[in-house]
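These numbers come from a predicted model, not from an experiment. We count residues from 1, following the sequence as given. Basis for what follows: all heavy atoms, side chains included, without hydrogens, waters or symmetry-related copies.
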Amino acid sequence: MEESNKNLKLKIKQLKKEKNCLILAHYYTRKEVQQIADFTGDSLALAQRAADNDADMILFAGVRFMAETAKVLSPEKKVLLPVMEASCSLADSCGAEELERMKEQYPDHKVVSYVNTSVEVKALTDVCCTSSNALDVVGSFDKEQKIIFTPDANLGGFINNLTGRNMKLWKGACHVHDAVSVKSVEELKAEHPAAKVLVHPECRAEVVALADYAGSTKGIIDYAKNSDSEEFIIVTEPGVMYEIEREAPGKRFYSISRPNSCVECEYMKMVTLENIYEALLHEEPVVEIDEQVRCAAEKSIREMLKIK
């Protein structure tokens, strides 16, 4: 297996050079996928990189909404997604038609949508956000401005608590983070009482309440890297363990995902070295977006990137 992976990595490296292809990978993908990427990051960093590069082609090692965002921001480039079936439970929880009806019900509300949404939902959105910048995006509106926050009710509730706002929350959730229980965190904390608990705000409020730090995937990595503490309980998708251990060598990390308590995104894990190679070789599957939808979605993403 190791020799096979080594050969595939060499072939991928050669193909991406020949085709001037930029490979972007999310922190939640497989370790070997992150290793061959030109850039790894969370949703905000990946969107920024998709918007500013000199590649002829982009291959997105992640899920569908991420590849759509890359195509929205770089319409002139061919964007490849190795597995078109790599969806997202959070994005799937919010349909464009349903959001349109909600907007009609609350016409005086602006719409802030998490990037974990389809391109059609982004086209109905005023400003997108990520977990890295949601607080700044919401804070960019006057306090009197009413807001619909979609689709993550846990993240929206987290922002409501921090800001004192009363945003109307779409009832969506990430099936990975929403499944984390208080019990699973408390059990790890009992085993490692000196460890700091680092939690993604897509988790339920009662789990976030246990955190020493709550923030985005990149925020969790940076906190662990810069903290004086030596032990950490990581409460987010376990794919991040590769980057976090690389960024903070010598420190000890305990993932919430362990036997009998697995919290893993099966969609992110659909991307493999094999299907990355096939996608590069054949230059498909290709992400295509209706131009009218793309232009509308671009406005909400560009507004987000202005705020950073």
Evaluation steps, side chain to side chain contact (heavy atoms under 4.5 Å, CB included), between V112 and I159: CA-CA 12 Å; V112 175; I159 300 300; over 6 Å; no
With sequence neighbours excluded, residues passing ring-ring contact (aromatic ring centres under 6.0 Å, His included) with F149: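 Not a single residue meets the ring-ring contact (aromatic ring centres under 6.0 Å, His included) criterion with F149.
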Partners meeting ring-ring contact (aromatic ring centres under 6.0 Å, His included) with Y27 (sequence neighbours left out):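 Partners of Y27 under the ring-ring contact (aromatic ring centres under 6.0 Å, His included) test: none.
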Does the side chain of [Y] come within less than 4.5 Å of [X]'s, by heavy atoms?
| X | Y | result |
| --- | --- | --- |
| P285 | L81 | no |
| T69 | F60 | no |
| K146 | Y106 | no |
| V180 | H200 | no |
| M57 | K77 | no |
| E100 | L124 | yes |
| W170 | L99 | yes |
| M84 | V287 | yes |

For residues [X] and [Y], report the shortest heavy-atom separation together with the two atoms involved.
| X | Y | value |
| --- | --- | --- |
| V121 | C94 | CG2-O, 3.5 Å |
| L280 | C21 | CD2-SG, 3.7 Å |
| T130 | N133 | N-OD1, 2.7 Å |
| H175 | S89 | ND1-OG, 2.7 Å |
| S300 | T125 | CB-O, 3.3 Å |
| G62 | M268 | CA-SD, 4.1 Å |

Would one find more than 12 heavy atoms of other residues, nucleotides or ligands at under 6.0 Å from atom [atom1] of [X]?
| X | atom1 | answer |
| --- | --- | --- |
| R49 | CZ | yes |
| E291 | CD | yes |
| K299 | NZ | no |
| E18 | CD | yes |
| N166 | CG | no |

If you measure from [atom1] on [X] to [atom2] on [Y], what distance do you get to the nearest 0.5 Å?
| X | Y | atom1 | atom2 | result |
| --- | --- | --- | --- | --- |
| F65 | N116 | CZ | CG | 3.5 Å |
| T217 | L198 | OG1 | CG | 11.5 Å |
| Y213 | K196 | OH | NZ | 14.0 Å |
| L305 | L44 | CG | CG | 7.0 Å |
| I147 | D108 | CD1 | CG | 11.5 Å |
| N20 | I58 | CG | CD1 | 10.5 Å |

Residue pair E243, R246: steps toward the salt bridge (charged side-chain N to carboxylate O under 4.0 Å, His left out) verdict: CA-CA 5 Å; E243 181 68 13; R246 193 180 71 83; 3.0 Å; yes
Okay, side chain of [X], backbone of [Y]: is any donor-acceptor separation there less than 3.5 Å?
| X | Y | value |
| --- | --- | --- |
| D38 | I23 | yes |
| K218 | G41 | no |
| D142 | E144 | no |
| E278 | P82 | no |
| E202 | C174 | no |
| N161 | F158 | no |
| R64 | S87 | no |
| D126 | V111 | yes |
| D42 | A45 | yes |
| K122 | T117 | yes |

Run the salt-bridge test on [X] and [Y] with the 4.0 Å N-O cut-off and return the result as yes or no.
| X | Y | answer |
| --- | --- | --- |
| D56 | K78 | no |
| K171 | E98 | no |
| E104 | R101 | no |
| K306 | E303 | yes |
| K19 | E283 | yes |

According to a hydrophobic-cluster definition based on side-chain heavy atoms being under 4.5 Å apart (Ile, Leu, Val, Met, Phe, Trp, Tyr only), do [X] and [Y] belong together?
| X | Y | answer |
| --- | --- | --- |
| Y223 | V235 | yes |
| V185 | V199 | yes |
| Y242 | V176 | no |
| M102 | M167 | no |
| V138 | L162 | yes |

Chi angles and distances behind the side chain to side chain contact (heavy atoms under 4.5 Å, CB included) call for V271, R30: CA-CA 8 Å; V271 183; R30 298 168 184 267; over 6 Å; no
Residues Y114, C129; criterion side chain to side chain contact (heavy atoms under 4.5 Å, CB included); working and verdict: CA-CA 5 Å; Y114 201 21; C129 74; 4.3 Å; yes
Audit row: K71, E68, salt bridge (charged side-chain N to carboxylate O under 4.0 Å, His left out) steps and yes/no: CA-CA 5 Å; K71 183 62 177 179; E68 287 178 344; over 6 Å; no
Full working for side chain to side chain contact (heavy atoms under 4.5 Å, CB included) between Y28 and V63: CA-CA 10 Å; Y28 295 166; V63 295; over 6 Å; no
Verdict with reasoning, E237 to K269, per salt bridge (charged side-chain N to carboxylate O under 4.0 Å, His left out): CA-CA 11 Å; E237 211 281 346; K269 300 305 188 277; 2.7 Å; yes
